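Just so you know, ligand 1 is whichever comes first in the structure, and atom 1 is the first atom listed for that ligand. Values in this document were obtained by computation on a predicted structure and should not be read as measured data.
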Amino acid sequence: MTKKMEKIMITGALGQIGSELVSVLREKYGGKNILATDIKSPSQSTSSLSVPFEYLDVTHKDSIENIVKKYRIDTIYHMSAILSATGEKNPHQAWDVNINGTYNILEVARQEEMTRVFVPSSIAVFSPETPRNHTPQDTVLKPRTMYGITKVTGELLSEYYVCRFGLDVRGCRYPGIISHQTLPGGGTTDYAVEIFYEAVKNKHYTCFVRKDTRLPMMYMPDCLKAAVDLMETDFSRLKHHAGFNVNAMSFSAEELAVEIKKHIPDFVCEYKPDERQNFADTWPNTIDDSAARREWGWKPRYNLSSMAEDMVKVLSQRHQEGKLNY
Ligand code: SER
């Protein structure tokens, strides 16, 4: 029998995914059962979470323990991480937050005999040796970025906790996530979000990867659905646990610009690749997610055209109201 999740803590709750995950979980499980935590200082944005908030540095195991005990937490969505570009600027910090932070979360979850833990992974686990098209679920993982290395380790550690300690840990390999509420920070796929803000506001964007750079991407509603659906699945259905491939859409930077132009005809995109091109070049074009479809019924709702239409609509509305601040 899969146990019920009663008291849920989210780390990285002010980040791109965390901030929207809080709303979805609040709707689903009730605000009094959700605790948002982050290393960022509480600000105006935390009040919009409408759930309790605690400052938490995941590299401090004692702090995790205290909060978990105080709120009787039985489930953790561990969303805090340093992304690829920031991770390459400061690999030691990326190791500390992503490796020690994840280890601390898993250890506290084990000690407290928690119901379930979500540890997200990323397409950054892949590498030049990995097949780039329809990248298989079980394949070569030899990432060249510290971020990718920490994500492979997170997957292995999660699987270890499942097999060795019987802790229910789950996770999927997110592609680039596109959203309009909280900006991503320090990732390689950030261009696919920035391009919308700049197109709506300035009708011009200088993209930091080449126009033929093709990467897997996903719209936020699907990203949240993946987390919730995977966590709600009966444990006995799962053959894999951490690191499920999840596919939604794949497009080149140029195809994205062309799609935006359909809505904003005078939009102009230029391309000036920087160091992030090197990271993108080691990641796949498309992902084979048949294991996720088979084991927990994964199915995305948005493709390039429906995602772009919604992004432009929401951001244009905000711009008209004079609220497109970033
Ligand atoms: N969005 C992430 C990054 O670019 C990939 O998981 O770092």
Side-chain angles (χ1 to χ4, degrees), residues 11-12 15-21 77-91 93-95 97-99 101-102 118-128 130 132 135 141-155 158 171-197 207-210 213-220 222-224 226-227 230 242-253 256 273-287 289 292 300 307 311:
T11 68
Q16 185 197 12
I17 302 176
S19 57
E20 297 204 38
L21 187 61
Y77 283 78
H78 178 42
M79 309 311 288
S80 61
I82 304 284
L83 295 186
S84 55
T86 308
E88 283 319 286
K89 288 201 181 97
N90 194 341
Q93 186 199 28
W95 177 272
V97 173
N98 297 3
I99 298 286
T102 301
F118 184 76
V119 178
S121 187
S122 160
I123 54 164
V125 295
F126 300 121
S127 48
T130 314
R132 297 203 80 182
T135 301
L141 306 177
K142 293 172 72 176
R144 302 295 199 274
T145 60
M146 180 55 93
Y147 175 63
I149 291 168
T150 65
K151 286 294 173 186
V152 173
T153 310
E155 287 185 12
S158 299
C172 52
R173 292 172 178 150
Y174 280 129
I177 303 298
I178 299 165
S179 68
H180 52 68
Q181 282 192 26
T182 308
L183 284 171
T188 300
T189 55
D190 294 10
Y191 66 89
V193 180
E194 289 172 7
I195 193 171
F196 282 99
Y197 281 76
C207 183
F208 58 76
V209 296
R210 281 191 322 270
T213 305
R214 179 178 298 278
L215 287 175
M217 300 276 176
M218 184 181 285
Y219 197 28
M220 183 59 90
D222 282 331
C223 165
L224 302 171
L230 175 54
F244 276 101
N245 281 1
V246 281
N247 200 44
M249 60 186 93
S250 280
F251 48 76
S252 68
L256 177 58
D274 66 16
E275 72 284 354
R276 289 169 281 191
Q277 181 70 54
N278 301 328
F279 316 146
D281 284 344
T282 67
W283 296 350
N285 296 333
T286 60
I287 302 283
D289 61 0
M307 174 277 290
M311 281 292 288

Handout entry: Shortest non-hydrogen contact from Val246 toward Arg173
Key = CG2-O, 3.5 Å

Handout entry: Closest contact, heavy atoms only, Gly186 versus Leu83
Key = O-CB, 3.4 Å

Exercise for the section: Determine whether the side chain, the backbone, both or neither of Trp283 has a heavy atom under 4.0 Å from any heavy atom of ligand 1. Expected result: side chain

Problem - Shortest non-hydrogen separation from Arg210 to Ala253 and the atoms involved - result: O-CB, 3.7 Å

Exercise for the section: Looking only at protein heavy atoms, identify the closest one to atom 6 (O) of ligand 1 and say how far it is in Å. Expected result: Ser122 OG, 2.6 Å

Problem - Shortest non-hydrogen contact between Thr189 and Gly176, atoms and distance - result: OG1-CA, 3.3 Å

Handout entry: Atoms in ligand 1 with a heavy atom of Leu83 nearer than 4.0 Å
Key = 7 (O)

Exercise for the section: Would you check if there is a donor-acceptor pair between the side chains of Thr145 and Ser84 at a distance under 3.5 Å? Expected result: no

Exercise for the section: Note the single closest protein heavy atom to atom 7 (O) of ligand 1, along with its residue, its atom name and the distance in Å. Expected result: Ser84 OG, 2.6 Å

Problem - Which residue and heavy atom of the protein sit nearest atom 4 (O) of ligand 1, plus the separation - result: Thr188 N, 2.6 Å

Handout entry: Residue pair Thr150 / Thr153, side-chain donor-acceptor N/O under 3.5 Å
Key = no

Exercise for the section: Name the closest protein heavy atom to atom 2 (C) of ligand 1, giving the residue it belongs to and the distance to 0.1 Å. Expected result: Thr189 OG1, 3.9 Å

Exercise for the section: Give the contacting part of Phe279 toward ligand 1: side chain, backbone, both or neither, where contact means a heavy-atom distance below 4.0 Å. Expected result: neither

